[in-house]
> 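Below is a structure I'd like to ask you about.
This one's a predicted model, so the numbers in the text were calculated from it and none came from an experiment. Residues: numbered from 1 along the sequence shown.
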Amino acid sequence: MALNATVHSFAVGLADLDRGVYDDLELRVARHPSETAEFMLTRVLAYCLEYTEGIAFSDGGVSSTDQPAVLARDATGALTAWIEVGAPDAERVHRGSKSAERVAIYTHRDPVKVLAQYNGKRIHRAERIPLYSLDRAFVDAAVAVVGRRNTATLSVTEGTLYLEINGSAFETVVHEHRIG
């Protein structure tokens, strides 16, 4: 018997001072049975940190092989941003870079190991693709308080992410690396 996805809701007050983005978001996130809680939270944070008009979680979710975890389209339907989560393989990042003007990767894993997998691989415009790493202790602590229904405020200032979720507060520096 196939397992069903678990739906989590997030009411997020977003204040990204670094980008000048302020909004209240109501997110419904389907967590696939094979998806870890850490990956799901990183996916939600990536969505918030990349928030722009036309942003969405991919239709196929984490099981999609031809779409990123998060994407953005303009008013014509053209793909403008390809946002990966975790440690996507080089071919997937290459395909995304050829498909969209903006490509970024958000990871809760060891960034040194994630970056190492791209060494010597052909990736279109690799020098322009940022890898944003979140501290693993931050992600683990935040995941511990995530439930099916969540209320959060997320603020970003000078590269530091402040997250208050379900009454618990956390902070981390968002480290930026380049894959090329």
Side-chain angles (χ1 to χ4, degrees), residues 5-16 18-19 21 23 25-52 55-65 67-72 81-90 92-93 96 100 102-118 129-156 159-166 168-179:
T6 302
V7 177
H8 296 264
S9 63
F10 292 84
V12 181
L14 175 63
D16 188 334
D18 291 351
R19 296 188 312 130
V21 176
D23 212 333
L25 312 176
E26 292 291 333
L27 307 176
R28 287 180 43 86
V29 182
R31 180 178 165 202
H32 190 273
S34 66
E35 183 179 11
T36 66
E38 293 81 7
F39 187 97
M40 180 194 66
L41 180 61
T42 304
R43 191 161 54 104
V44 169
L45 294 173
Y47 181 102
C48 294
L49 294 170
E50 292 288 330
Y51 185 73
T52 189
I55 196 165
F57 292 110
S58 70
D59 292 334
V62 297
S63 62
S64 175
T65 58
Q67 291 185 346
V70 177
L71 53 83
W82 180 286
I83 312 302
E84 290 286 358
V85 173
D89 64 33
R92 192 171 169 91
V93 176
R102 171 146 174 79
V103 176
I105 303 167
Y106 286 81
T107 192
H108 57 286
R109 298 181 179 181
D110 181 347
V112 173
K113 291 179 181 175
V114 175
L115 289 168
Q117 75 178 351
Y118 303 129
I129 301 173
L131 169 76
Y132 298 105
S133 61
L134 304 171
D135 181 64
R136 184 60 191 232
F138 162 83
V139 174
D140 290 344
V143 159
V145 301
V146 170
R148 296 278 304 272
R149 291 185 178 83
N150 303 279
T151 303
T153 57
L154 188 148
S155 300
V156 182
T160 300
L161 184 151
Y162 301 92
L163 176 66
E164 186 274 318
I165 186 165
N166 299 333
S168 297
F170 310 95
E171 73 178 76
T172 190
V173 172
V174 179
H175 299 281
E176 182 177 343
H177 316 270
R178 292 286 164 178
I179 69 167

> State the CD-OG distance between Glu84 and Ser58, to the nearest 0.5 angstrom.
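Output value for this atom pair is 9.0 Å.
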
> Could you measure the distance from the CG atom of Leu161 to the CG atom of Leu49? Nearest 0.5 Å is fine.
5.5 Å

> If you count the non-hydrogen atoms of other residues, nucleotides and ligands that lie under 6.0 Å from CZ in Arg149, is the total more than 12?
no

> How close do Asn166 and Gly147 get, counting heavy atoms only, and between which atoms?
ND2-N, 3.9 Å

> Check whether any side-chain heavy atom of Leu154 lies under 4.5 Å from a side-chain heavy atom of Val156, and answer yes or no.
yes

> Is there side-chain contact between Asp23 and Tyr51, with at least one heavy-atom pair below 4.5 Å?
yes

> Using the ring of each side chain (for Trp, its six-membered ring), is Tyr47 parallel, tilted or perpendicular to Phe57, with breaks at 30° and 60°?
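Geometry flag for Phe57 against Tyr47: parallel rings.
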
> May I ask you to say whether Glu35 pairs ionically with Arg43, meaning some side-chain N is under 4.0 Å from a carboxylate O?
yes

> In the structure I gave you, are the side-chain heavy atoms of Val44 and Leu27 within less than 4.5 Å of one another anywhere?
yes

> How about Val7 and Val29: do any of their side-chain heavy atoms sit closer than 4.5 Å?
no

> Restricting to non-hydrogen atoms, name the atom on Met40 and the atom on His8 that form the minimum distance, rounded to 0.1 Å.
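Closest approach of Met40 to His8: SD-CD2, 3.4 Å.
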
> Among Val114, Thr42, Leu134, find the one that has a side-chain contact (heavy atoms from CB on, under 4.5 Å) with Arg109.
Val114

> For the pair Leu14 and Val21, evaluate side-chain contact (heavy atoms from CB on, under 4.5 Å) and give the outcome as yes or no after the intermediate values.
CA-CA 7 Å; Leu14 175 63; Val21 176; 4.0 Å; yes

> Atom CG in Leu131, atom CD in Glu176: separation rounded to 0.5 Å?
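Interatomic distance, Leu131 CG to Glu176 CD, rounded to 0.5 Å: 9.0 Å.
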
> Give the C-alpha distance, both sets of side-chain angles, the deciding distance and a yes or no for side-chain contact (heavy atoms from CB on, under 4.5 Å) between Glu50 and Tyr132.
CA-CA 11 Å; Glu50 292 288 330; Tyr132 298 105; 4.1 Å; yes

> How many angstroms lie between atom CD1 of Ile165 and atom CZ of Phe170, to the nearest 0.5 angstrom?
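That separation rounds to 7.5 Å.
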
> If you compare all heavy atoms of Ala37 against all heavy atoms of Arg31, which two are closest, and at what distance to 0.1 Å?
N-NH2, 3.2 Å

> Please report the shortest heavy-atom distance between Val85 and Pro88, naming the atom on each side.
O-CD, 4.0 Å

> Any idea which heavy atoms bring Tyr118 and Ala87 closest together, and the distance?
OH-C, 4.3 Å

> Tell me, please, which residues at least two apart from Arg19 pass salt bridge (Lys or Arg N to Asp or Glu O under 4.0 Å).
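Result, salt bridge (Lys or Arg N to Asp or Glu O under 4.0 Å) vs Arg19: Asp16.
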
> With a 4.5 Å cut-off on side-chain heavy atoms, are Ile129 and Arg178 touching?
no

> From Trp82 CH2 over to Arg102 CZ, what is the distance, rounded to the nearest 0.5 angstrom?
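Result: 14.5 Å between the selected atoms.
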
> Between Ala5 and Ala30, what is the shortest heavy-atom contact and its length?
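Looks like CB-CB, 4.0 Å.
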
> Within a strict 4.5 Å, meaning less than it, do heavy atoms of the Thr172 and Val139 side chains meet?
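No, too far: nothing below the 4.5 Å cut-off.
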
> Taking the side chain as every heavy atom from C-beta outward, state whether Ser133 and His177 have any pair of such atoms under 4.5 Å apart.
yes

> Please name the residue in the list Val146, Leu25, Thr151 that meets the side-chain contact (heavy atoms from CB on, under 4.5 Å) test with Phe10.
Val146

> Going by heavy atoms in the side chains, are Leu115 and Ile179 under 4.5 Å from each other?
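Yes. Closest side-chain heavy atoms under 4.5 Å.
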
